Amino acid sequence: MYSVLLAALIAAVAADFTVLKSPQYQIFQEGNWPVPGDRIPDVIGLSMGFSVEEDLSWPGLGAGNLFQCPRATVLVSVTGTSKLPLTENGISYPIENAVPYSVDSVVNSIHLLFSEEMPVVLQLAPIEERVYMVGKANTVFEDLPVTLRQLRSSLEQDNSILASLPVNSLYRNDETDRLFLSELQVLQDIPALLSRHKHLAKDNAPDIYSLELTGLEEIKKRYGEDSVKFKDATQILSDALQKFADDMYSIYGGNAIVDVVTVESFETPLVRKSRSILSSPSISNPGSPYNLAYEYNFNYSVVFNIILWLMIGLALAVIAISYNLWNMDPGYDSIIYRMTNQKIRMD
């Protein structure tokens, strides 16, 4: 009984959220505050300056610059280990209840607010051959290998990642090792292709990159956690992620956030389903007899602040104009009265 509870507790905390790079004005507070696994997309959205549908009371993300937001956010998800030996300069937080997540809500916010500027949006899972490119990403990453055949071919080139790797136990002709090495190749190719279009890093539209790396998990399943190959792969991946973060941070001129999520494996938790009275079709219907107000969306706070400060500014302007008119000297300040006095003298 106790062993089962202990195993469940370890599984619940076997995940980590690390901020490798962040701008000077983006304040991440150091602490051991757990990040809710299902709210990771909201953390990403708030760090980019977007609103979220539900309030997030997580003290790890402090108040940033109101007039300056990151030009890019990079989120790398690594399965197979709960923590990587990354640099000490990063800030790590434990993840509570690590569940599969998606940054689609953040991507939708970018499309909604910056649809005309065509930001770079890249979502990629190399081993699973899942890729989603929107906007200028189709031009920037036209030569990016996204299929397994393309990844194998890229490893055979002279400028592949294999030439820069230290001596290790990984073997490129082994299928499992080759899949892991292909993910490292993607981490090298993305900054290399993006560096050819550095002008995109200076526009006003925020970019987002979401990568899912599962090669380390495949090595762990085949060789075991205590194997030499898994230890070598863990260290190589840590070094590759650090270089990838430095390159992306440099391309965007220090105005980018690079986050890494490490988790043993994503498991959908068993949750108790409950019904809410507000979810009833008769109540959520605008024609409901209960006369309930419409639900607020994430644009409510933006519109509210625009209207609020506009009304305050107009009120102050009316007060200032009224005060100056009340204390004005008609014979000295007003050209109307001055012209009137000259006309009276002429008559």
Side-chain angles (χ1 to χ4, degrees), residues 20-21 23 40-41 44-45 47-50 69-78 100-161 179 181-215 240-241 243-261:
L20 279 182
K21 294 289 184 179
I40 290 180
I44 302 301
S47 65
M48 298 184 69
F50 298 126
C69 295
R71 296 187 183 274
T73 295
V74 183
L75 178 62
V76 182
S77 175
V78 179
Y101 60 87
S102 172
V103 294
D104 290 344
S105 59
V106 183
V107 174
N108 292 335
S109 299
I110 294 177
H111 289 330
L112 181 64
L113 300 176
F114 301 94
S115 58
E116 298 181 356
E117 301 185 34
M118 298 181 65
V120 178
V121 177
L122 174 64
Q123 295 177 265
L124 179 62
I127 292 182
E128 299 179 8
E129 295 185 314
R130 286 190 292 107
V131 60
Y132 177 71
M133 297 184 187
V134 177
K136 299 175 182 177
N138 292 292
T139 303
V140 176
F141 302 110
E142 181 180 3
D143 298 329
L144 182 68
V146 294
T147 65
L148 293 180
R149 178 177 298 179
Q150 293 174 347
L151 291 171
R152 295 189 184 98
S153 300
S154 63
L155 290 176
E156 301 298 331
Q157 299 178 1
D158 296 335
N159 59 345
S160 68
I161 191 68
L179 291 176
L181 294 172
S182 64
E183 292 182 337
L184 301 182
Q185 184 66 43
V186 171
L187 294 179
Q188 175 181 279
D189 291 343
I190 290 177
L193 295 174
L194 187 60
S195 61
R196 304 175 187 174
H197 306 270
K198 289 187 177 181
H199 62 280
L200 298 178
K202 300 179 181 179
D203 57 12
N204 296 323
D207 304 330
I208 185 169
Y209 305 83
S210 177
L211 308 178
E212 299 179 18
L213 308 181
T214 58
L241 284 174
K243 186 179 184 304
F244 173 73
D246 294 338
D247 292 341
M248 298 295 289
Y249 191 74
S250 176
I251 291 174
Y252 282 92
N255 197 8
I257 299 177
V258 181
D259 302 321
V260 177
V261 173

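These numbers were taken from a predicted model, which means no experiment stands behind them.
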Going by heavy atoms in the side chains, are [X] and [Y] under 4.5 Å from each other?
| X | Y | answer |
| --- | --- | --- |
| L179 | L148 | yes |
| T73 | V106 | no |
| V120 | F141 | yes |
| L112 | F50 | no |
| R196 | D143 | yes |

With no hydrogens and no angle check, is any side-chain donor or acceptor of [X] less than 3.5 Å from a backbone partner on [Y]?
| X | Y | answer |
| --- | --- | --- |
| S160 | Q157 | yes |
| E183 | L213 | no |
| Q123 | V103 | no |
| S250 | D246 | no |
| E212 | S77 | no |

Considering all heavy atoms, the nearest [X]-[Y] contact:
| X | Y | result |
| --- | --- | --- |
| P145 | V186 | O-CG2, 4.2 Å |
| Y101 | L75 | CE1-CD2, 3.6 Å |
| M133 | N138 | CB-OD1, 3.5 Å |

Notebook entry, point to check: Where do V74 and K21 land on the side chain to side chain contact (heavy atoms under 4.5 Å, CB included) test, with the steps shown first?
Noted result: CA-CA 9 Å; V74 183; K21 294 289 184 179; over 6 Å; no

Next item on the list: Start with the C-alpha distance between L241 and V258, add both sets of side-chain angles, then the distance that settles side chain to side chain contact (heavy atoms under 4.5 Å, CB included), and finish with yes or no.
Entry: CA-CA 10 Å; L241 284 174; V258 181; over 6 Å; no

Next item on the list: Start with the C-alpha distance between Y132 and D104, add both sets of side-chain angles, then the distance that settles side chain to side chain contact (heavy atoms under 4.5 Å, CB included), and finish with yes or no.
Entry: CA-CA 11 Å; Y132 177 71; D104 290 344; over 6 Å; no

